[in-house]
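Reviewing the structure listed below.
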Number of protein chains: 2
Amino acid sequence: MNRAVTLSEVAREAGVSPSTVSRILNGTARVNDTKARQVRLAIEKLGYTPNTFARSLATGASGSIGVLTPDIASPFYNDALSGIERGLMGSGYSPIIISGHWRTDEEEHAVALLLNRRVEGMIILGGQMPDHDLHALAARLPIGVLGRTIDLGAHGGASLAMDNRQSARDLVNYLIGRGHRVIGHISGPSDHADARERLDGYRDALEERGLRFDPTLVVQGDFQEPSGLIGMQRLLQSHSNMTAVFVANDQMAYGARLALYRLGLRVPDDMSLVGFDDLPGSSYTMPPLTSVRQPMGEMGQWLARYILSRLRGETIEPFEPRQELMLRESVASRRSR
Amino acid sequence: MNRAVTLSEVAREAGVSPSTVSRILNGTARVNDTKARQVRLAIEKLGYTPNTFARSLATGASGSIGVLTPDIASPFYNDALSGIERGLMGSGYSPIIISGHWRTDEEEHAVALLLNRRVEGMIILGGQMPDHDLHALAARLPIGVLGRTIDLGAHGGASLAMDNRQSARDLVNYLIGRGHRVIGHISGPSDHADARERLDGYRDALEERGLRFDPTLVVQGDFQEPSGLIGMQRLLQSHSNMTAVFVANDQMAYGARLALYRLGLRVPDDMSLVGFDDLPGSSYTMPPLTSVRQPMGEMGQWLARYILSRLRGETIEPFEPRQELMLRESVASRRSR
DNA sequence: CTGTTAGCGCATTCAG
DNA sequence: CTGAATGCGCTAACAG
């Protein structure tokens, strides 16, 4: 970049002092109209762009909020990113987004980077970072956490998390209510809290309805499509009497759906299928997939607003995210007995 | 943020001068091992984090690359974002991502913001910004443009764009080759260059094979799922003899697929369907969707590398993105005649 | 209302 | 090898 124009150059061009230019730029004080006009002209003529660094250094405020997402291309977390953008819009703050790629070391590196950039608040989406680090962060600046149940204390930060267990339980209960008795489960990675909770919910529902939990009806996937496909194949081989499958997320459900298609099995006639997360595409699968929706966009937006309110010393009404069962056509009723 | 620790405080704590600390931090010069150790200790003890602003102000280098994407949650552009991350990884530069939401004013605002942040290079994904602005930008710093055919001159910047027209033509030619004669088209918005080019390719293929272009076989959508559904319904009403539909992007193809399902029409038996973009989900639709893939990830990665090479005064081997027809099961052969 | 002065935190001369 | 001095571009008292 070939030497950008500075504020003093503008001042010289307009024949005023630097402080006057600064005042006009920031509206810090009233300024003679004529001079103001001259300054604007000079800015235009020189193509001046204020240097954020210098400004931040002088004011001590960066005007930016750090956002740590596990994956910049994740269909699941991106909704939250959009929400954060919306929440920050018009506030004068802008988000700085970094991905941690589900790796603790990268996440820590990302946080360090954000801290170096003197973000005034931080929003953490999911991720692997130990709670311990999160608490340390919360002590330094306002933070918002999405997708993890963690107590950050009154003034430490806010966290928004869905009750995965309850939703999974509702979902499986729904299947049972529709007459299904042999219900498989394709789970997520066992080191993933969400995955474990969803599995727990599956067990809860079975036990609640007096159905035996059969470990062979559970196969583990990795939350990606291919593992759903493989998981379904394996379940099908061992359990010919299975009539429904609860898949721990929609992405794997897509894979499972394909496995059924390949075998000529119809959904929901031959097999009922439910997912989790309600990705945008799930209304358009064949047939549309029953799933549970988390209001990621709204959660992101609220977290952004929360950070802003903390920064301004205001309070904000709490937000109670409501998970919603999206009942669609991928589930059939079976005569019980 | 409660007054962060500064370099001088570290210096005092370690009993050395600020410059020494700076040298150790940046490895600018050899320093006595004992002092180095003391400094590291002090840094650890005080929890010092270098202030990026101050550093950038002093060095004149921000170490960041601006990225303008139309939509932070777009499944189409996100691959490119991942690619950019990969391309920048380990370079010492980090991306600053902003969305323009397909609005010229927001895009211009975003560019201004990036310029204020003194990004050293910029990558523009798609977007609405007039070519004129892009040229102006290219004159200031190295830029890379993805998804637009624009000549930025030798040292202005690089642009990577797919030949939409050619790909569309290939796709429709493929349909014709499989025996289809009455082929519908659900197009994108007419003010969208990609959409127009894909429509042109559709015409090209028809004319090339001596088939008449029938405007009533073309309905316009907006690149979103619902418009694909509606588009398909409309085509079906007016053209009972239609056997295949070329949908201008995968998202709309999903909608079209659902319309067919609702009417009990099978794909590909009753209707062949092809999309465009090859979204990640398209391998998992029912049946898997024939589409054309653009290597968004690699393109993004290359653009990042291109910017880096420009910044370092190096040259980089050119990249020729190759579009690829992903032939899957959504197309059936028809006996011609 | 406006100019002058003094830093913000750091890298980088320039002398030791 | 290391400390002192200077300035990056801007804002914020401080006096007019």
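Side chains are part of it too, since the values below use all heavy atoms of this structure and drop only hydrogens, waters and symmetry mates.
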Would you mind reading off the distance between B/L7 atom CG and C/dC8 atom C1', rounded to a whole angstrom? 13 Å

Could you tell me how far apart B/L25 (CG) and C/dT12 (C1') are, to the nearest whole angstrom? 14 Å

Side chains of A/T59 and A/R55: does their closest heavy-atom pair fall under 4.5 Å? yes

Hey, which of these two, B/L57 or B/K35, hits DNA chain D nearer its 5' end, going by closest nucleotide? B/K35

Could you tell me the separation between the CZ atom of A/R12 and the P atom of D/dG9, rounded to a whole number of Å? 11 Å

Please state whether the base of C/dT12 and the side chain of B/T28 form at least one donor-acceptor pair under 3.5 Å? no

Indicate whether any N or O donor in one side chain lies under 3.5 Å from an N or O acceptor in the other, for B/S22 and B/S19. no

Nucleotide nearest A/N26 (side chain, heavy atoms from C-beta), chosen from C/dT4, D/dT11, D/dG9: D/dT11

Describe, in one word, how the ring planes of A/F319 and A/W302 are oriented to each other, choosing from parallel (under 30°), tilted (30 to 60°) and perpendicular (over 60°). parallel

For a quick check of understanding: with a heavy-atom distance under 4.0 Å over all strands, which category does B/P18 fall into, base, sugar-phosphate or nothing? nothing

When rounded to whole Å, the CD to P distance for the pair A/Q38 and C/dT2 reads 10 Å

Rounded to whole angstroms, how far apart are CG on B/D33 and C1' on D/dC1? 12 Å

Rounded off to whole Å, could you give me the CD1-to-P distance for the B/I24 and C/dC10 pair? 14 Å

Listed nucleotide nearest any side-chain atom of A/N32, set C/dC10, D/dC10, C/dC1: C/dC1

Please report the distance, rounded to the nearest Å, between CZ in A/R117 and P in C/dG9. 18 Å

Nearest to the A/A54 side chain among D/dA4, D/dG9, C/dT2, which nucleotide is it? D/dG9

Of all heavy-atom pairs between A/L25 and A/Y48, which one has the smallest distance, and what is that distance? CD2-CE2, 3.6 Å

Would you kindly give the CG-to-C1' distance between B/L46 and C/dG9, to the nearest whole Å? 15 Å

As a test of reading the structure: which of C/dA11, C/dG3, C/dG9 is closest to the side chain of B/R55, going by heavy atoms? C/dA11

Taking any heavy-atom pair under 4.0 Å as a contact, classify B/S22: base, sugar-phosphate, or nothing. base

So what does A/T59 touch, heavy atoms closer than 4.0 Å: a base, only the sugar-phosphate, or nothing? sugar-phosphate

Test your reading of the model: is there a side-chain donor-acceptor pair from B/E9 to the backbone of B/T6, 3.5 Å cut-off? yes

Nearest-nucleotide check on DNA chain D, A/S19 vs B/G15; residue mapping nearer the 5' end is B/G15

Could one point to a donor on the side chain of B/R23 or the base of D/dG3 with an acceptor on the other under 3.5 Å away? yes

